[in-house]
Structures are given as structure tokens and as C-alpha cells.
Amino acid sequence: MKYAIVDIETSGGSWQRDRITEIAIYIHNGNSITNEFKTLVNPETIIPYYITQLTGITNEMVANAPKFYEIAREVVLLTQDCVFVAHNAPFDYRFIQAEFKRLGYDYHREVLCTVKLSRRVFPGYGSYSLGNICNTLGIEIENRHRAAGDALATTKLFEKILFETNGDFTPFVKAKR
């Protein structure tokens with residue numbers, strides 16, 4: 001089985017109104033990373049100041065970045081035949097689906113959420129936010145709140161979950177939707 005471990009940064013918290021500003025995808029074969037893709041994305045909207053404060057991504061940084069339609073084919077091909085994995089997967093998945101919907105394309109993958117997996121596999125912690133669970137498990141996050149840094153940390157978390165579950169995610173995978 002192949003997994004597309006994804007993280008995005010956005011111009012805000014609403015998948016209906018806000019847009020992707022950065023995306024990172026690590027393809028994992030159950031043993032190691034086999035491919036990766038990461039890029040800033042021109043959201044074609046203004047990035048609010050509070051988002052820039054959180055992510056460090058400025059309007060100037062994305063001005064000449066590719067627009068989503070310019071990377072859409074790469075995202076489809078890279079994640080094809082993969083389970084979509086993310087920390088708080090509904091957030092990332094809905095944003096990506098919304099970007100594709102704006103292009104007239106339905107994007108569907110099986111989905112696996114490392115927040116839900118972490119709660120089951122590592123019970124008893126007070127917080128399962130990416131920063132807290134990684135800190136608890138000794139996983140370093142470089143470039144927090146940037147897509148590549150958070151996706152790589154999610155990959156390391158995913159590998160720990162893989163080890164603990166012997167790769168049996170059957171009860172956790174959500175069907176394509």
C-alpha cells in the first residue's frame with residue numbers, strides 16, 4: 001500500500017472561502033519515503049496578516065508561485081493509488097477537494113487521519129495537536145506551520161504508528177468520498 005502524507009498551509013480556516021498557500025506531499029510505501037512534492041501556491045487572494053504571523057508566508061512570497069491549477073495534475077498523479085494521510089485529515093482533504101472543485105474536478109481518495117490514529121495507538125495524552133504529540137513522542141519538527149516541515153513530522157509520526165500497528169489500518173481508513 002502507498003500513502004500520500006500531505007500538509008497544506010492556507011489563507012484562512014474556511015475551505016469554502018480560503019485558499020491553499022503551500023502544499024507538501026511525501027509518498028510513503030510503508031517503509032520509507034519514495035517521492036516528494038512541495039511548493040508555495042499563489043492563492044489568488046490576499047493572505048491576512050495573522051496567517052503570515054503564523055506561517056511566515058507573505059503575499060510577496062506567493063506572488064510568483066504557481067496557481068493551484070498549475071500544480072493540480074501533479075497532485076492527482078502523485079496521490080493516485082495512495083491513501084491520503086494528514087494530521088487532522090478532514091481539514092487538508094476538504095481544502096484540496098475545494099481547490100479541485102473550483103477546477104471542475106472531483107478529487108477522491110481513501111483518507112487516514114493521524115490525529116485519530118494517534119488517539120487510538122497512543123492513548124492518554126492531553127493533546128494530539130501535531131506540535132504536542134510530536135513533542136511527547138520525541139519527533140522534531142523543523143519549520144513548524146510550514147507545509148514541508150509539518151508533513152515531514154507527520155511522516156515520522158505515521159512511521160511510529162505503522163510500527164505500533166504492524167501496518168494494519170483497516171479499521172481506520174475512510175473510504176473515498
Side-chain angles (χ1 to χ4, degrees), residues 1-28 36-48 50-57 59 62 65-120 127-134 141 143-155 157-158 161 169 171-177:
M1 188 172 290
K2 289 188 342 181
Y3 307 92
I5 303 169
V6 180
D7 191 81
I8 60 170
E9 300 305 327
T10 66
S11 63
S14 170
W15 57 270
Q16 292 108 333
R17 122 181 125 251
D18 296 311
R19 304 292 296 271
I20 293 173
T21 60
E22 187 175 40
I23 187 169
I25 303 170
Y26 290 97
I27 303 302
H28 199 284
E36 65 182 67
F37 174 76
K38 48 193 170 191
T39 185
L40 288 167
V41 179
N42 182 331
E44 302 182 80
T45 189
I46 298 297
I47 300 171
Y50 75 95
I51 295 292
T52 296
Q53 290 301 109
L54 177 66
T55 65
I57 300 171
N59 290 298
V62 298
K67 294 174 176 71
F68 191 82
Y69 76 86
E70 295 174 293
I71 64 163
R73 184 174 191 275
E74 182 77 19
V75 172
V76 168
L77 293 175
L78 200 56
T79 64
Q80 189 172 0
D81 300 323
C82 292
V83 175
F84 183 102
V85 179
H87 203 73
N88 189 15
F91 179 86
D92 300 74
Y93 190 65
R94 280 189 204 121
F95 260 94
I96 289 173
Q97 282 190 306
E99 291 285 2
F100 278 109
K101 188 63 106 185
R102 289 180 190 104
L103 301 175
Y105 180 82
D106 287 327
Y107 180 85
H108 299 285
R109 300 289 184 267
E110 291 181 326
V111 178
L112 200 53
C113 178
T114 56
V115 172
K116 290 180 182 176
L117 282 171
S118 294
R119 285 186 177 127
R120 288 265 188 91
S127 171
Y128 290 88
S129 70
L130 185 61
N132 287 335
I133 194 67
C134 284
I141 305 177
N143 294 321
R144 183 74 174 104
H145 296 296
R146 292 297 301 269
D150 287 356
L152 191 55
T154 301
T155 301
L157 173 60
F158 180 72
I161 294 167
F169 297 126
F172 306 106
V173 175
K174 293 249 184 184
K176 293 180 183 181
R177 47 190 170 103

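Values below: all heavy atoms of this structure, side chains included; hydrogens, waters and symmetry mates excluded.
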Just how far is it from atom CD1 of I8 to atom OG1 of T21, taken to the nearest 0.5 Å? 8.0 Å

D92 and side-chain contact (heavy atoms from CB on, under 4.5 Å): which single residue from T10, D7, V85 fits? D7

Could you grab the distance from atom CZ of F37 to atom OG1 of T79, nearest 0.5 Å is fine? 11.0 Å

Does a side-chain heavy-atom distance below 4.5 Å link P66 with N42? no

Using the salt bridge (charged side-chain N to carboxylate O under 4.0 Å, His left out) rule, collect all pairs that involve residues 144-154, keeping only residues at least two apart or in two chains. E22-R146, R144-D150

Applying side chain to side chain contact (heavy atoms under 4.5 Å, CB included) to I51 and I57, what does each step give before you reach the verdict? CA-CA 8 Å; I51 295 292; I57 300 171; over 6 Å; no

Separation of L78 CG from Y26 OH (nearest 0.5 Å): 11.5 Å

Nearest 0.5 Å, what's the CZ-OG distance between R19 and S14? 12.0 Å

Output all residues satisfying side chain to side chain donor-acceptor pair (under 3.5 Å) with T114, sequence neighbours left out; order by chain, then residue number. H87

Using a strict 4.0 Å threshold on nitrogen-to-oxygen distance, state whether E70 and K67 make a salt bridge. no

How far does SG of C82 sit from CD1 of I27, to the nearest 0.5 angstrom? 4.0 Å

Results of side chain to side chain donor-acceptor pair (under 3.5 Å) for D106 - residues two or more places apart only: K101

Kindly indicate, with the supporting measurements, whether the criterion side chain to side chain contact (heavy atoms under 4.5 Å, CB included) is fulfilled by S118 and I161. CA-CA 7 Å; S118 294; I161 294 167; 3.7 Å; yes

Please evaluate residues L130 and I141 with respect to the criterion side chain to side chain contact (heavy atoms under 4.5 Å, CB included), reporting the C-alpha separation (whole Å), side-chain torsions for both, the decisive distance (0.1 Å), and the verdict. CA-CA 9 Å; L130 185 61; I141 305 177; 4.1 Å; yes

Got a sec, which residues hit side chain to side chain donor-acceptor pair (under 3.5 Å) with T155, two or more places apart in sequence or on another chain? none

My understanding is that only residues two or more places apart in sequence, or in another chain, count here; which of them pass ring-ring contact (aromatic ring centres under 6.0 Å, His included) with Y105? F100

Residues forming a ring-ring contact (aromatic ring centres under 6.0 Å, His included) with F158, sequence neighbours excluded: Y3, H28, F169

Any chance you could measure I5, atom CD1, to E36, atom CD, to the nearest 0.5 Å? 12.0 Å

What's the verdict on side chain to side chain contact (heavy atoms under 4.5 Å, CB included) for I96 and W15, showing C-alpha distance, side-chain angles and the deciding distance? CA-CA 8 Å; I96 289 173; W15 57 270; over 6 Å; no

